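So the structure is just underneath, and the comments pick up after that.
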Protein chains: 2
Amino acid sequence: MVRLREFDEEKVLQAAMRVFWEKGYEAASINDLTSAMAIQRPSLYLAFGDKKQLFETTLRKYTQWHAAGIRKKLESNSSVREAIRAYFEGLVDEAYDGEGSMGCFCINTMVELSPHDEKFEIITREHQMYLAVLFQETIERGIRSGELHQETNAKALAQSLVISLIGITVLLKSRPDRSFVDNAVEVSLSLL
Amino acid sequence: MVRLREFDEEKVLQAAMRVFWEKGYEAASINDLTSAMAIQRPSLYLAFGDKKQLFETTLRKYTQWHAAGIRKKLESNSSVREAIRAYFEGLVDEAYDGEGSMGCFCINTMVELSPHDEKFEIITREHQMYLAVLFQETIERGIRSGELHQETNAKALAQSLVISLIGITVLLKSRPDRSFVDNAVEVSLSLL
DNA sequence: TGCTTTTTGTACCTTTTAGTATATTATACT
DNA sequence: AGTATAATATACTAAAAGGTACAAAAAGCA
């Protein structure tokens with residue numbers, strides 16, 4: 001029965017994600033969203049619920065996409081050191097190439113919403129924990145292959161890398177001298 | 001000549017700072033501010049300019065206060081390792097003692113405003129650079145005293161500590177298991 | 001073809017937003 | 001004491017916010 005959606009749900013959600021990612025939850029207005037999504041206001045409410053629900057949907061999409069991207073990059077290099085180095089250096093390169101990067105939607109949400117909304121506290125925490133597991137598995141692979149010392153504390157090291165990742169991503173927003181970030185990356189990698 | 005202010009500028013600025021610190025720039029309304037400051041709306045505009053100007057004033061106050069606090073803590077212990085450890089552990093303790101901590105106003109601003117407003121990009125960048133200098137001076141003191149190796153790269157290490165500080169402060173907003181943060185602190189301190 | 005059902009577009013609602021006009025009050029100086 | 005001056009309080013404005021009512025439109029099925 002009946003009339004079907006005229007828009008591609010996947011595409012409009014991606015447009016909404018981009019708006020929330022760039023502006024944050026509060027600063028993104030419904031008008032910003034409907035413009036970017038190219039749908040009418042009632043269609044938004046009908047298809048995705050209110051602003052908070054739409055935000056949650058886009059954030060969940062983001063965390064899945066983000067985690068998959070990191071996993072792929074970490075698995076793409078047989079050398080664990082090189083894989084992790086490439087990931088960190090890629091982040092930095094992106095930030096200093098032309099227009100700069102957009103940072104991390106999940107980190108933005110941790111700062112803006114997690115302290116005031118338990119739902120987002122949980123979503124963001126679980127994402128960071130998942131990233132830590134990805135790093136840990138990568139480090140354990142390096143231990144098995146003999147690339148890293150047998151006594152390496154994979155879990156603690158992985159958690160420390162997640163902390164560095166967050167710190168770098170946030171600091172990049174203030175556009176510091178590249179050497180600042182390069183040094184920090186080098187020190188972090190020296191732990192491996 | 002004439003009628004004098006009925007309010008203590010220092011106190012009301014502190015109240016405003018607290019509002020912006022807790023809620024962020026967008027989510028803090030003028031009503032929130034005037035309530036917390038216990039002044040009337042036109043008094044706010046007359047004394048402090050518009051919302052953005054007031055925000056900037058409170059942020060500058062914050063960075064001064066924050067830097068002075070860190071400096072004092074780092075100088076308060078003759079052992080450099082112990083001073084830095086105490087600082088990081090104090091942060092974590094605060095976050096897990098009862099109601100949790102409020103994070104860092106400057107970091108919040110880096111995430112919310114720096115990407116969209118050059119003025120805040122500069123203020124937040126300079127604050128982080130200043131913190132890095134404070135850590136660097138502390139590390140150099142440790143090198144001079146013989147507590148740290150002569151070959152220690154004080155600058156790079158200090159910058160890495162600032163990155164860790166940011167990462168920990170942000171991650172704490174998602175209330176992760178304490179062991180996560182404890183491990184990351186331990187790894188960071190192992191670099192000293 | 002016509003009926004049912006869901007999406008769409010227009011227009012609207014209420015509340016809240018940042019910011020201000022104005023009149024009143026209180027003080028310091030003449 | 002009276003006057004000039006600045007801060008206060010009340011009340012307001014215009015714009016924008018999030019959200020919705022309702023009628024028109026479109027598609028599957030009888």
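Numbered from 1 within each chain, the chains take letters A, B, ... in sequence-line order. Since the structure is predicted, the reported quantities are computational estimates derived from the model, not experimental observations.
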Rounded to the nearest Å, what distance is computed from the CZ atom of residue B:F48 to the P atom of nucleotide C:dG19?
-> 15 Å
Would A:E10 and A:Q14 count as having a side-chain donor-acceptor pair, cut-off 3.5 Å?
-> no
Backbone of B:V111 reached by a side-chain donor or acceptor of B:S114 within 3.5 Å = no
Main-chain N/O of B:R81 paired to B:E147 side chain as donor or acceptor, under 3.5 Å | yes
Separation of D:dT8 P from B:E9 CD (nearest whole Å) = 11 Å
note: A:Y45, atom OH; C:dC12, atom P; distance rounded to Å ~ 19 Å
Below 3.5 Å between N/O atoms, which protein atoms pair up with nucleotides 8-11 of chain C? Just atom names and distances, please.
| from | atom 1 | to | atom 2 | distance (Å) |
| --- | --- | --- | --- | --- |
| C:dT8 | OP1 | A:E6 | N | 2.8 |
| C:dT8 | OP2 | A:S43 | OG | 3.0 |
| C:dG9 | OP2 | A:Q40 | NE2 | 3.4 |

When clusters are formed by joining ILVMFWY residues with side-chain heavy atoms under 4.5 Å apart, either directly or through shared neighbours, do B:M102 and B:F105 land in the same one?
-> yes
Measure from the side-chain heavy atoms of A:D50 and tell me the nearest of C:dA18, D:dG19, C:dT17.
-> D:dG19
Exercise: do B:S29 and B:D32 side chains pair donor with acceptor under 3.5 Å = yes
Transitively linked via ILVMFWY side-chain contacts under 4.5 Å: B:W65 with B:M110?
-> no
Select base, sugar-phosphate, or nothing to describe what A:A27 touches, counting heavy atoms under 4.0 Å on all strands.
-> nothing
Between D:dA17 atom C1' and A:L44 atom CG, what is the distance in whole Å?
-> 14 Å
Rounded off to whole Å, could you give me the CD1-to-C1' distance for the B:I30 and D:dA15 pair?
-> 15 Å
In whole angstrom, give the distance that lies between atom CD of A:E26 and atom C1' of C:dT16.
-> 12 Å
Does the side chain of A:Q159 pick up a donor-acceptor pair with the side chain of B:N183 at under 3.5 Å?
-> yes
For atom CG of A:D32 and atom C1' of D:dA16, their distance in whole Å = 11 Å
Quick one: is D:dA17 close enough that its OP1 or OP2 comes under 4.0 Å of any side-chain N or O from A:N31?
-> yes
Whole-Å gap separating P (D:dA16) and NZ (A:K51) | 15 Å
